[in-house]
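Values in this document were obtained by computation on a predicted structure and should not be read as measured data. In what follows, chains are A, B, ... by sequence order, proteins preceding strands, each numbered from 1.
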There are 2 protein chains.
Amino acid sequence: MATRTGRVQRRAEALSRERIVEAAVELLDAAGETGLTFRVLTERLETGPGAIYWHVANKSELLAAATDAVVAAALAGESEGTPREEIHAVALGLSAAIDRHPWLAAQLLLQLSRSPGGPVTPRILEALGRPVRALGVPEEHWFTATSVLMHYVLGAAGQNAANRQVAEPAADRAEFLAGIAGRWAELDPEEYSFTRAVAGQMREHDDREQFLAGIDLVLAGVGALYPGGRA
Amino acid sequence: MATRTGRVQRRAEALSRERIVEAAVELLDAAGETGLTFRVLTERLETGPGAIYWHVANKSELLAAATDAVVAAALAGESEGTPREEIHAVALGLSAAIDRHPWLAAQLLLQLSRSPGGPVTPRILEALGRPVRALGVPEEHWFTATSVLMHYVLGAAGQNAANRQVAEPAADRAEFLAGIAGRWAELDPEEYSFTRAVAGQMREHDDREQFLAGIDLVLAGVGALYPGGRA
DNA sequence: ACCTGAACACCGTTCAAGT
DNA sequence: ACCTGAACACCGTTCAAGT
């Protein structure tokens with residue numbers, strides 16, 4: 001929206017990787033993934049493409065850096081409480097970041113499933129894994145439990161954000177979800193009996209409540225498999 | 001590899017949406033996402049771009065169609081057994097498809113989190129949801145349980161495929177995983193105590209076993225929350 | 001109804017040249 | 001060491017024109 005606001009940049013300031021990543025995040029926020037272009041970035045930072053390439057290897061590295069910066073900020077807060085509360089807090093924090101930066105979900109999923117060696121996987125693993133460890137899960141199962149949480153949290157948060165994205169106002173959102181539910185209800189009754197049955201819940205469900213219910217389902221599994229824990 | 005094999009196409013055959021999607025899948029398989037180009041597609045099908053645009057709205061629709069075609073094929077088999085066995089079978093089927101078509105994971109995650117109205121979501125929802133229903137879960141929790149399974153299965157399968165992709169031979173793969181584990185082991189001991197502890201499991205873990213363990217964790221949660229069921 | 005293919009607007013990236 | 005900016009190779013998409 002406020003695309004032109006603050007266009008008068010601190011142009012005297014030296015170019016740096018930090019400033020470039022910051023500008024990239026702003027462009028992504030304002031216009032989505034297609035909005036980040038070296039031409040636009042070049043205008044915004046009042047330089048030429050060569051200057052940007054001096055600080056950043058290529059566009060994919062720039063996207064990775066933008067993703068990492070936003071995730072790091074989202075996970076920065078110290079949280080306290082029971083392990084379950086902490087996991088909820090991390091999940092809601094990531095979900096909120098995805099809401100604020102609609103391009104984030106796709107980048108996050110792509111990065112996790114394409115370059116698992118990057119810095120973003122350990123960040124999220126650590127944030128969710130600490131409370132999992134505090135739950136009393138035996139060490140050999142830490143990875144499994146945390147992986148399930150991580151994939152669910154990112155997948156579900158991304159989907160919720162996408163639903164919210166298509167139609168900003170709550171009224172349109174209801175209409176949008178009703179549209180999907182309606183299409184599902186028209187599927188072949190035999191081939192899609194489950195999806196049809198679930199279409200109603202799709203329309204009425206409360207995002208936040210559903211989201212946390214999924215987490216609690218995983219935690220219930222943890223509690224059932226490792227009853228010695230403090231879940 | 002066999003990029004040039006079978007280049008002599010049935011050129012007399014009429015162009016159709018089906019043939020275009022088929023060719024797109026072949027190009028994606030051979031050269032990844034960057035390998036699918038309207039120029040290359042045009043050569044392969046011996047036409048001009050206009051001809052393709054007559055059958056397909058744009059590239060994003062073409063990618064969606066290719067994704068849906070591959071997923072439909074992967075889920076085609078009728079499966080029988082206990083609900084748990086069925087869920088394992090669907091998950092392994094999707095995982096195998098992602099292995100055969102390395103571009104699939106990213107497309108799937110993008111499509112689920114960007115255009116939830118598409119045909120691919122109901123397909124996967126149905127395949128996983130039917131056995132969930134058979135588990136005896138109360139209807140109001142079908143959606144939650146199936147969502148958790150879906151996001152985990154796609155996320156984990158995508159990550160496994162990515163790990164396998166980087167280094168085809170098993171020996172290189174071990175090296176690759178050891179590389180990630182090694183980098184994790186070098187992270188700050190305080191800030192990343194969990195990730196460091198888990199780095200070892202990362203190196204040694206068996207993909208398939210870990211993958212199914214995650215599913216069983218979710219099913220344990222289902223069994224714990226809805227003890228009346230037949231899990 | 002279906003296809004041709006030149007043309008358009010745009011993209012990421014490079015690199016010789018400057019300071 | 002850091003930046004300039006023209007140039008390169010390539011991309012998705014359009015559209016008047018053909019059959």
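For the pair Y53(B) OH and dG12(D) P, the computed distance is 7 Å after rounding to whole Å. L63(B) places its CG atom 12 Å from the C1' atom of dG12(D), with the value rounded to the nearest Å. The separation between E33(A) atom CD and dG12(C) atom P is 12 Å, rounded to whole Å. Atoms CG (N58(A)) and P (dC15(C)) sit 14 Å apart, rounded to a whole Å. If you measure from atom CD1 of I52(B) to atom P of dG5(C), you get 13 Å, rounded to the nearest angstrom. A straight line from CZ of F38(B) to C1' of dC11(D) spans 11 Å, rounded to a whole angstrom. Atom C1' of nucleotide dA9(D) and atom CZ of R39(B) are separated by 11 Å, given to the nearest angstrom. Straight-line distance from the CD atom of E43(A) to the P atom of dC10(C): 12 Å, rounded to whole Å.
Each of dG5(C), dA6(D), dG12(C) was ranked by its minimum atom distance to the side chain of T37(A); first place goes to dG12(C). When the nucleotides dT4(D), dT13(D), dC3(C) are ranked by their closest atom to the side chain of A51(A), dT4(D) comes out on top.
Looking only at side-chain heavy atoms (C-beta outward), R196(A) and D188(A) stay at 4.5 Å or farther from each other.
Residue pairs meeting the ring pair (Phe, Tyr, Trp, His ring centres under 6.0 Å) criterion with at least one partner in residues 93-123 of chain A, sequence neighbours excluded, are H101(A)-W103(A).
When the side-chain nitrogen and oxygen atoms of W54(B) are compared with OP1 and OP2 of dC3(C), none of them lie within a distance under 4.0 Å. At dC3(C), none of the side-chain N or O atoms of T47(B) fall inside 4.0 Å of OP1 or OP2 (strictly under the cut-off). Of the side-chain N and O atoms in H55(B), none sit less than 4.0 angstrom from OP1 or OP2 of dA1(C).
Between the side chains of S113(B) and Q159(A), no donor-acceptor pair of N or O atoms lies under 3.5 Å.
Look at the P atom in both dA17(D) and dC2(C): the space between them is 22 Å, to the nearest Å.
Of the candidates Q111(B), Q107(B), R123(B), D68(B) forms a side chain to side chain donor-acceptor pair (under 3.5 Å) with just one, namely R123(B).
Minimum interatomic distance between I98(B) and A105(B) (heavy atoms only, all atoms of both residues): CG2-CB, 3.8 Å. Across every non-hydrogen atom of V132(B) and W142(B), the tightest pair is CG1-O, 4.5 Å.
With the 3.5 Å cutoff on both pairing distances, Watson-Crick and G-U pairs in DNA chain D assemble into runs of at least 3 at C:4-8 with D:12-16, C:12-16 with D:4-8.
Within the nucleic acid shown, L36(A) comes within 4.0 Å of sugar-phosphate atoms alone, with no base atom in reach, counting heavy atoms only.
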Evaluation steps, ring pair (Phe, Tyr, Trp, His ring centres under 6.0 Å), between W184(B) and Y192(B): CA-CA 8 Å; W184(B) 287 5; Y192(B) 287 96; 9.3 Å; no
